[in-house]
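What follows is a set of notes on a single structure, which appears directly below.
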Amino acid sequence: MENCEEKKTLGKEIMIGRTRFSSNVLMAPLAGYTCFPFRLMVKRLGAGSAYTEMVSADALKYNDRATSRLLFTDEREELKCVQLLGAIPAVFERAAKSERLAKFDVIDINMGCPVPNVVKSGEGCALMDDIGRASAIIEAVKRSGKTVSVKCRLGMNRKKIVIEEFARMCEGSGADMITIHGRTRDMMYDGEPLYEYIKLAKQAVSIPVFANGGIDSGEKALLTMEKTGADGIMLARYGFENPLIFPQLSGTKCSDTKYSLISEQLDIAGECYDELFVLTYIKKLASYFMKKLPGTKQKKQELFKCGSITQLKPLLWDIFGS
Ligand SMILES: Cc1cc2nc3c(=O)[nH]c(=O)nc-3n(C[C@H](O)[C@H](O)[C@H](O)COP(=O)(O)O)c2cc1C
């Protein structure tokens, strides 16, 4: 697949509430991965938006280092999108209106996280089982005046697929967009998404609906658009593994290679974070970049032994540069 020029379904700009997304191919929030340098990179490559990983709405009241790092951004990131996790409408409202989020244009509400501790606290995907509370949260965030999106799944399990009703509730409560991960909570991150339910939800509302889950090639991106009738797609794990999919899908001109991308990431991350964080991030990125490269077991071992950026640089050249 060369690009999406012929079908014109992907790479189109789209209005989400009053916010313009330059393309309808988006990058998902990924905890531990979608830090500021990564978001800058995918936006430059043609992603219409890229979200911070989930940030606890409640934790915003503390000035802790971990939350500050998650929220780090600067003027280079033109469209700033943050994702919040929580269960209490008043906590969301305080967070959404807080000075710490003043610079963010879009707030996404996590209603899809399947992790047991999160669900037990009534957060993430548990909100799909508590539609009144989910609605109150959307209304509370909306009172900040910002653009509000919701990221959810199909429901808790295959016997409890509620996405049509849930999508209607999101629209009625004021959400400007919904991203639907086409799996149920009990599917976690495996198995083929049930795209037909995304289609039903799309038909039930008039706000933009984005399809997410299992998109791991250009062909799959187009197929997902066809199967769901969605307004756009959100890439997650594959977007991290191969950011060059963004120019391919969005039609953005680019002469980057995996080596140029990772070198740039090393430089930007080096400006923003301490060495330990940079090492951890670049190692994760490099091992995802190597995922489908054959015979890289030894290189991966060398990568994980690297104890400094000085050691890392020649290894990255060895793996991706030559
Ligand atoms: C390691 C990891 C971290 C994730 N973190 C988040 C998160 O912070 N917020 C969120 O809404 N979804 C999160 N997700 C879910 C993804 O955004 C996405 O919905 C899911 O991976 C399905 O898309 P995919 O099959 O294309 O990867 C995470 C998924 C993974 C694998």
Side-chain angles (χ1 to χ4, degrees), residues 10 25-36 38-39 42 47 49-57 59 66-67 69-71 81-87 92 106-119 123-128 134 137 141 148-155 163 166 170 175 177-195 197-198 209-225 227-228 230 232-243 245-246 249 280-281 283-285 287-288 291-292:
L10 291 172
V25 180
L26 315 182
M27 180 65 209
L30 281 178
Y33 296 88
T34 47
C35 55
F36 168 71
F38 184 79
R39 300 197 305 271
V42 292
S49 68
Y51 290 82
T52 68
E53 64 179 84
M54 55 186 172
V55 177
S56 159
T67 306
R69 188 142 62 194
L70 298 183
L71 294 176
C81 306
V82 63
Q83 189 191 56
L84 294 180
L85 178 80
F92 270 97
V106 180
I107 299 183
D108 188 75
I109 308 172
N110 184 321
M111 298 198 181
C113 183
V115 172
N117 280 345
V118 167
V119 172
E123 305 175 334
C125 203
L127 291 166
M128 296 201 75
I137 288 174
V141 177
V148 176
S149 58
V150 170
K151 184 162 175 287
C152 60
R153 290 184 175 236
L154 302 179
I163 188 58
F166 198 80
C170 290
M177 154 196 167
I178 317 168
T179 302
I180 305 171
H181 175 186
R183 297 183 174 102
T184 51
R185 186 232 166 179
D186 62 346
M187 290 169 79
M188 299 299 280
Y189 298 104
D190 303 318
E192 188 61 4
L194 310 168
Y195 296 111
Y197 289 102
I198 301 182
V209 170
F210 279 71
N212 164 248
I215 303 173
D216 58 4
S217 67
E219 285 74 17
K220 191 73 186 285
L222 286 175
L223 198 64
T224 303
M225 287 294 281
K227 282 186 176 171
T228 60
I233 54 165
M234 184 181 267
L235 296 162
R237 286 167 291 185
Y238 190 68
F240 197 80
E241 180 184 330
N242 179 24
I245 187 74
F246 287 102
L249 292 176
T280 312
Y281 166 55
K283 286 178 184 183
K284 282 192 249 186
L285 192 60
S287 57
Y288 255 87
K291 230 175 162 181
K292 294 202 182 98

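Order of appearance sets the numbers: ligands from 1, and atoms from 1 within every ligand. Sequential numbering from 1 along the given sequence is applied to the chain's residues.
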>> I need the atoms of ligand 1 closer than 4.0 Å to a non-hydrogen atom of Ala28, numbered in the order shown.
In response: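 Within the 4.0 Å cut-off of Ala28, ligand 1 contributes 17 (O).
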Please work out, at 4.0 Å between heavy atoms, whether the side chain, the backbone, both, or neither of [X] comes within that distance of ligand 1.
| X | value |
| --- | --- |
| Met54 | both |
| Tyr33 | side chain |
| Arg237 | both |
| Tyr189 | side chain |
| Ala236 | both |
| Asn212 | side chain |

[X]: heavy atom below 4.0 Å from ligand 1, yes or no?
| X | answer |
| --- | --- |
| Cys113 | no |
| Gly214 | yes |
| Arg183 | yes |

> Please state which protein non-hydrogen atom is closest to atom 6 (C) of ligand 1 and give its distance, to 0.1 Å?
Replying inline: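 The protein heavy atom lying closest is Pro29 O, 3.2 Å.
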> For atom 5 (N) of ligand 1, which candidate among Pro193, Pro114, Ala31 provides the closest heavy atom?
Replying inline: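 Closest candidate by heavy-atom distance is Ala31.
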> Nearest to atom 15 (C) of ligand 1 by heavy atom, His181, Lys151, Glu192: which?
Replying inline: Lys151
> With side chains defined as the heavy atoms from C-beta onward, is the minimum distance between Asn212 and His181 less than 4.5 Å?
Replying inline: yes
> Does NZ or CZ of Arg153 lie under 6.0 Å from the centre of the six-membered ring of Tyr189, at an angle within 45° of the ring axis?
Replying inline: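 Yes, Arg153 sits over the ring of Tyr189.
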